[in-house]
Amino acid sequence: MDLKVWNPCAALTMKQSSNVPTFLSKMWTLVEETHTNEIITWKQNGQSFLVLDEQGFAKEILPKYFKHNNMANFVRQLNMYGFRKERDGPVEFQHPYFKQGQDDLLENIKRKIVQFIVTLVQNNQLVSLKHKRPLL
Amino acid sequence: MDLKVWNPCAALTMKQSSNVPTFLSKMWTLVEETHTNEIITWKQNGQSFLVLDEQGFAKEILPKYFKHNNMANFVRQLNMYGFRKERDGPVEFQHPYFKQGQDDLLENIKRKIVQFIVTLVQNNQLVSLKHKRPLL
Amino acid sequence: MDLKVWNPCAALTMKQSSNVPTFLSKMWTLVEETHTNEIITWKQNGQSFLVLDEQGFAKEILPKYFKHNNMANFVRQLNMYGFRKERDGPVEFQHPYFKQGQDDLLENIKRKIVQFIVTLVQNNQLVSLKHKRPLL
DNA sequence: ACCGTTCTAGAATATTCGGTA
DNA sequence: TTACCGAATATTCTAGAACGG
């Protein structure tokens, strides 16, 4: 098996101290990066981002930020955070709170929770056993 | 072995992020296209569309939008969405919500569901086992 | 807009007239192909297959047999037919009836059906309305 | 308790083949 | 005969689930 060089410490342009999950701040950073615009970049209007070179993105960009080099894993995370893919066409994802130049919106993006737990919580059937309080 | 060139990435005039199925937005787009009016075009009143050159449509237009080049497949989709063919005359299809210049009507067109499931649901014999609720 | 070349008509070494689904016969054929052994090939024991060059497989092999060029779509089909991925290591999938040189075993591989329908059928709650018979 | 990685499955539409009214 | 439909597989996008950190 080949030797992969992980570099999860690529310089982030936004401070990691905020309450924004690591995935979101890393992803926002790598889309903002201008010297990789041939691979991944904002769409013209800055309302979504494009992956122009899926191969290069998976093998060169991803391992610089995450512990893997698979596009499928990246997409799984995108969906976990509510991003949607543009159908038919080049790889394009969007989220109402993921926009060019506005990293302050990222904190509005919430990671999805396991659905059957959400339902139970909504039905007041599930509480935190540790702190004895509702979860949502 | 023959080499077929599919190019399903023809530019769409509608946003794909809408809730309109891909087939409808693609089809509406290709009928609207003016530079292919010799092959497929709106009827004079804009209430239905005509396929003037079936061969050209199948072999040149279809593979630009879909992953096939068969007229029969296209017609199957039309029927799935409730389009009806005009008897007697050139190839002409119509649907009450498919009109020239009005892509906002497309969202009213509903795709048919597998019939035996529809019937069972109407008889209240089919529920989603996952969510414990009727499917329709 | 980019131009993609689909060639779903690559010569098959097994006759398509059998009752084996297209996906299985195509996949068995492309694994058997010796001139692409650098990209995809049988494991030494012939009990599973390896994808050695995922990038090349997705962009060069897949579109020669199927109407897409995405690894994810290929994996979805594999799972639909019951193939399992080998954890930890290079891309390796296996199925008890998918073995080197034995295309006669392929007919034992069954495609999965939507699960909630399977359950209903097993409970004798779902029949074909057309032919008035159980569906399985 | 939450996030990240991985593999598999759900669900809707799309393509194909063949049958029926 | 022709238009339409049934049903299975194929393609696409998203979610479930297990596990570890």
Side-chain angles (χ1 to χ4, degrees), chain A residues 8 19-24 26 62 65-70 72-88 91 93 110-117 128-131 135, chain B residues 8 16 19-24 26 62 65-70 72-88 91 93 111-117 128-131 135, chain C residues 8 19-24 26 62 65-70 72-88 91 93 111-117 128-131 135:
Chain A
N19 54 354
V20 173
T22 309
F23 174 76
L24 290 177
K26 284 184 176 178
L62 280 182
Y65 291 86
F66 308 103
K67 293 185 190 300
H68 66 84
N69 56 9
N70 300 309
N73 291 348
F74 182 68
V75 173
R76 185 68 193 91
Q77 282 282 62
L78 287 176
N79 286 327
M80 284 294 288
Y81 283 97
F83 284 74
R84 309 306 294 252
K85 187 181 188 292
E86 201 71 18
R87 289 174 295 173
D88 295 314
V91 179
F93 282 90
K110 298 305 176 187
R111 196 177 200 265
K112 293 182 180 179
I113 310 177
V114 184
Q115 189 55 49
F116 77 85
I117 292 187
S128 166
L129 296 183
K130 189 169 188 178
H131 301 293
L135 287 174
Chain B
Q16 272 307 286
N19 53 355
V20 174
T22 306
F23 174 76
L24 291 176
K26 285 184 175 179
L62 281 182
Y65 292 85
F66 308 102
K67 290 179 184 292
H68 67 82
N69 55 9
N70 302 307
N73 290 349
F74 181 70
V75 173
R76 185 70 193 90
Q77 282 282 64
L78 287 175
N79 287 327
M80 284 295 287
Y81 283 97
F83 284 74
R84 310 307 294 241
K85 188 176 189 294
E86 205 65 30
R87 307 257 173 178
D88 306 323
V91 180
F93 284 91
R111 197 178 202 267
K112 295 180 180 177
I113 310 177
V114 183
Q115 190 55 49
F116 76 84
I117 291 186
S128 167
L129 296 184
K130 190 169 189 177
H131 301 294
L135 285 175
Chain C
N19 53 354
V20 174
T22 308
F23 173 77
L24 290 176
K26 285 184 175 178
L62 280 182
Y65 292 86
F66 308 102
K67 290 179 186 292
H68 67 84
N69 55 9
N70 302 308
N73 290 349
F74 182 68
V75 173
R76 186 68 192 93
Q77 281 281 63
L78 288 175
N79 286 326
M80 283 296 289
Y81 284 96
F83 284 74
R84 309 308 294 251
K85 187 178 188 293
E86 204 66 29
R87 305 260 172 173
D88 304 323
V91 179
F93 282 90
R111 197 177 202 267
K112 294 180 181 180
I113 309 177
V114 183
Q115 190 54 50
F116 77 83
I117 293 186
S128 166
L129 296 183
K130 188 168 188 178
H131 301 294
L135 287 173

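Order of the sequence lines fixes the chain letters, A, B, ..., with proteins taken first and strands second; residue numbering starts at 1 for each chain.
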Exercise. Angle class for the C/F23/C/Y81 ring planes (parallel below 30°, perpendicular above 60°, tilted otherwise)?
Worked result: parallel
Problem set entry | Counterpart residues, ring pair (Phe, Tyr, Trp, His ring centres under 6.0 Å), relative to A/F93 (two or more places apart) | none
Exercise. Could you walk me through whether A/F74 and A/L62 pass the side chain to side chain contact (heavy atoms under 4.5 Å, CB included) check?
Worked result: CA-CA 8 Å; A/F74 182 68; A/L62 280 182; 3.7 Å; yes
For this session: Would you mind reporting whether A/D88 and B/K26 have side-chain heavy atoms less than 4.5 Å apart?
Result: yes
Kindly give the atom pairs (protein nitrogen or oxygen, nucleotide nitrogen or oxygen) under 3.5 Å for nucleotides 5-7 of chain D.
from  : atom 1 : to    : atom 2 : distance (Å)
D/dT5 : OP1    : A/K67 : N      : 2.9
D/dT6 : OP2    : A/N73 : ND2    : 2.0
D/dC7 : OP1    : C/K85 : NZ     : 3.0
D/dC7 : OP2    : C/K85 : NZ     : 3.4

Problem set entry | Upstream residue (5' side of DNA chain E) when C/Y81 and B/F93 are each assigned their closest nucleotide | B/F93
Problem set entry | Nearest-neighbour nucleotide for the B/K112 side chain, D/dA9, E/dT14, E/dC5 considered | E/dC5
Exercise. With A/F83, which residues qualify under ring pair (Phe, Tyr, Trp, His ring centres under 6.0 Å), at least two apart?
Worked result: A/H95, A/F98
